[in-house]
Amino acid sequence: MKLVSYLREDDTQLALLVNGFLFDMDNLNPNLPVTITMFLNYWEDSYPIAHSVNRLLEEGTNRFRAIRLEEAELIAPVSAPTSFRDAYSFRDHAAIGGKIRNAPLPAEFDQFPVFYFSNHNTITGPGNIVCMPDHLKKLDFELEVAIVICKPGKNIKAEEADNYIGGFMIINDFSARQLQREEMKLNLGPSKGKDFATAIGPWLVTPDELEPFKVAPKENHIGNAYNLKMKCSVNGVQVSEGNLADMTWTFAEIIERCSYGVQLYPGDIIGSGTVGTGCFLELNTTGKLNDPHYEEQWLKEGDEIELEVEALGKLKNKIVKAESDFSILDLKKM
């Protein structure tokens with residue numbers, strides 16, 4: 001199934017996306033929740049009903065009222081997540097990070113998956129990304145896939161963790177690299193370099209739709225892996241390409257780590273981390289290593305970014321400059 005959140009008369013509405021049409025949950029069955037938050041919290045009851053109705057719609061049942069996808073104002077498919085963690089699971093991306101720091105990839109990368117918390121209150125969907133002046137100083141995209149948790153759990157074993165995944169979606173973890181670079185020198189963060197905007201969407205795809213793409217995980221790893229092509233274009237020009245199957249650590253293993261001694265809740269979002277070549281920081285680093293005259297590229301006002309992941313859709317955003325000229329970089333004490 002593809003679960004879509006959109007605005008209907010200024011209220012959040014949950015719908016099924018089938019053959020280019022949105023079918024509101026409350027029109028399909030009175031027992032189905034009208035928001036993704038309620039759907040996730042009552043997953044065991046709601047999912048079977050919605051899945052059965054979705055199958056009927058795919059078979060051509062047309063007795064339900066619907067609107068065309070292009071007529072709807074889409075918002076983040078999980079519009080009010082309970083938390084947001086982002087992992088570091090792609091070896092190629094992690095190795096470039098070592099080159100930036102002039103250090104080898106730490107051995108711990110192969111010992112356990114690591115993640116950080118970011119601001120779940122600035123999760124957004126397709127559309128404009130409003131940036132303060134300091135965000136536009138070396139602004140970057142990050143090409144990732146995210147999952148959402150669909151039932152509570154604590155100390156979840158990796159062997160069971162895929163059962164806690166409600167769906168998959170594209171995620172763009174926007175990064176203000178100038179802010180990030182300075183604060184990370186203090187070995188704390190990322191914080192202001194990350195917490196202003198993270199885009200997810202365009203919809204949530206349930207695991208059953210990804211069965212045809214399932215592949216074996218990396219050797220000595222546990223959990224589902226998926227052969228999904230990933231790419232990013234800026235202003236219509238492709239700049240990045242990767243594959244979700246390149247994750248060293250599976251989402252199941254990341255969930256095991258996240259839930260150790262901690263309760264996970266329906267609505268928690270967990271990102272995969274950036275795929276190899278999946279950001280300008282990495283592309284610029286590689287470019288300068290190969291050519292000292294390489295000209296760095298960063299996102300700027302007016303840029304349109306499109307992330308595409310096979311079976312998950314296309315997430316489109318545009319960079320917009322805020323009206324304010326306030327700068328926290330200017331507040332640095334010398």
Side-chain angles (χ1 to χ4, degrees), residues 75-76 81 83-88 93-94 96-103 114-144 171-200 232 234-235 237 239-240 269 271 273-274 277-289 291-307 315-334:
I75 59 175
S83 71
F84 171 41
R85 299 168 174 87
D86 205 6
Y88 198 45
H93 179 70
I96 289 293
K99 290 181 180 179
I100 294 171
R101 297 185 294 272
N102 294 314
V114 68
F115 67 92
Y116 70 92
F117 280 94
S118 195
N119 189 357
H120 63 287
N121 289 316
T122 56
I123 293 286
T124 188
N128 292 343
I129 303 296
V130 179
C131 297
M132 292 291 286
D134 292 341
H135 297 146
L136 291 168
K137 295 173 180 176
K138 298 188 176 182
L139 178 63
D140 209 351
F141 72 94
E142 296 206 41
L143 173 57
E144 309 183 25
I171 179 170
N172 192 338
D173 181 31
F174 287 98
S175 300
R177 299 298 190 188
Q178 183 68 22
L179 286 168
Q180 180 183 355
R181 183 178 68 177
E182 295 191 358
E183 63 194 8
M184 291 293 282
K185 291 178 181 178
L186 298 171
N187 296 318
L188 192 64
S191 51
K192 295 311 299 176
K194 295 279 191 178
D195 71 350
F196 60 101
T198 301
I200 60 175
C232 171
V234 178
N235 299 325
V237 178
V239 298
S240 172
I269 292 175
T274 308
T277 78
C279 64
F280 279 136
L281 178 64
E282 182 179 334
L283 294 169
N284 290 339
T285 300
T286 302
K288 287 190 288 186
L289 288 173
D291 177 7
H293 302 292
Y294 180 88
E295 186 174 343
E296 291 187 353
Q297 184 175 357
W298 302 101
L299 297 176
K300 58 186 183 298
E301 180 185 1
D303 279 352
E304 296 182 350
I305 307 98
E306 180 181 277
L307 303 189
L315 174 60
K316 301 178 182 181
N317 294 102
K318 182 177 181 178
I319 304 302
V320 176
K321 184 179 179 181
E323 295 182 2
S324 172
D325 60 0
F326 176 55
S327 168
I328 57 171
L329 286 171
D330 290 344
L331 299 180
K332 288 190 300 183
K333 299 184 185 298
M334 309 303 290

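Computed over heavy atoms, backbone and side chain alike; hydrogens, waters and symmetry mates excluded.
Shortest non-hydrogen contact noted between Gly278 and Ser240 is CA-OG, 3.4 Å. For the residue pair Gly125 and Asn317, the shortest heavy atom distance occurs at O-ND2, 3.0 Å. In terms of heavy atoms, Ile319 sits closest to Cys131 at CG2-SG, 4.1 Å. Considering all non-hydrogen atoms of both residues, Cys232 and Leu143 come closest at N-CD2, 4.0 Å. Across all their heavy atoms, Gln180 and Ser175 have their closest contact at OE1-CB, 4.0 Å. Considering all non-hydrogen atoms of both residues, Leu281 and Asp140 come closest at N-OD2, 2.8 Å.
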Could you walk me through whether Phe280 and Thr285 pass the side-chain contact (heavy atoms from CB on, under 4.5 Å) test, one step at a time? CA-CA 8 Å; Phe280 279 136; Thr285 300; over 6 Å; no

Lys316 and Glu304: CA distance, side-chain angles, deciding distance, side-chain contact (heavy atoms from CB on, under 4.5 Å) verdict: CA-CA 7 Å; Lys316 301 178 182 181; Glu304 296 182 350; over 6 Å; no

Verdict with supporting geometry, Thr274 and Tyr88, side-chain contact (heavy atoms from CB on, under 4.5 Å): CA-CA 7 Å; Thr274 308; Tyr88 198 45; over 6 Å; no

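The side-chain heavy atoms of Phe141 and Val239, taken from C-beta on, include a pair separated by under 4.5 Å. Looking at heavy atoms from C-beta onward, Val234 lies in side-chain contact with Leu299 at the 4.5 angstrom threshold. For the pair Ser118 and Arg85, the minimum side-chain heavy-atom distance is 4.5 Å or more. With a 4.5 Å cut-off on side-chain heavy atoms, Asn284 and Trp298 count as touching. At least one side-chain heavy atom of Phe174 sits under 4.5 Å from a side-chain heavy atom of Ile305. The shortest side-chain heavy-atom distance between Glu144 and Asp86 falls under the 4.5 Å cut-off. Residues Tyr116 and Lys194 have side chains in contact (heavy-atom distance under 4.5 Å, counting atoms from C-beta outward). Residues Pro81 and Ile269 are in side-chain contact: their nearest non-hydrogen atoms beyond the backbone lie under 4.5 Å apart.
A side chain to side chain contact (heavy atoms under 4.5 Å, CB included) with Thr124 is found for exactly one of Thr198, Ile129, Ile75, namely Ile129.
Applying the side chain to side chain contact (heavy atoms under 4.5 Å, CB included) rule to Asn121 yields the partners Asn119; only residues at least two apart in sequence or on another chain are considered.
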Under 3.5 Å, which donor-acceptor pairs link side chains of residues 326-334 to any protein atom two or more places apart or in another chain?
unit_1 : atom_1 : unit_2 : atom_2 : d
Ser327 : OG     : Asp134 : OD1    : 2.8
Ser327 : OG     : Asp134 : OD2    : 3.1
Ser327 : OG     : Leu329 : N      : 3.2
Ser327 : OG     : Asp330 : N      : 3.2
Lys332 : NZ     : Glu182 : OE1    : 3.3
Lys332 : NZ     : Glu182 : OE2    : 3.1

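Distance check, rounded to the nearest 0.5 Å: NZ of Lys138 to CZ of Arg177 gives 11.0 Å. How far OG1 of Thr286 is from OH of Tyr294: 8.5 Å, rounded to the nearest 0.5 Å. To the nearest 0.5 angstrom, Leu283 atom CG is 9.0 Å from Ile96 atom CD1.
Ring orientation note: the planes of Phe196 and His135 are close to parallel, at an angle under 30° on the 30°/60° scale.
Although no hydrogens or angles enter the test, the distance criterion places a donor-acceptor pair under 3.5 Å between the side chain of Glu282 and the main chain of Thr277. The backbone N or O of Lys192 lies less than 3.5 Å from a partner atom in the side chain of Glu183, making a donor-acceptor pair.
Under the 4.0 Å criterion applied to side-chain N and carboxylate O atoms, Glu301 and Lys321 are not assigned as salt-bridge partners.
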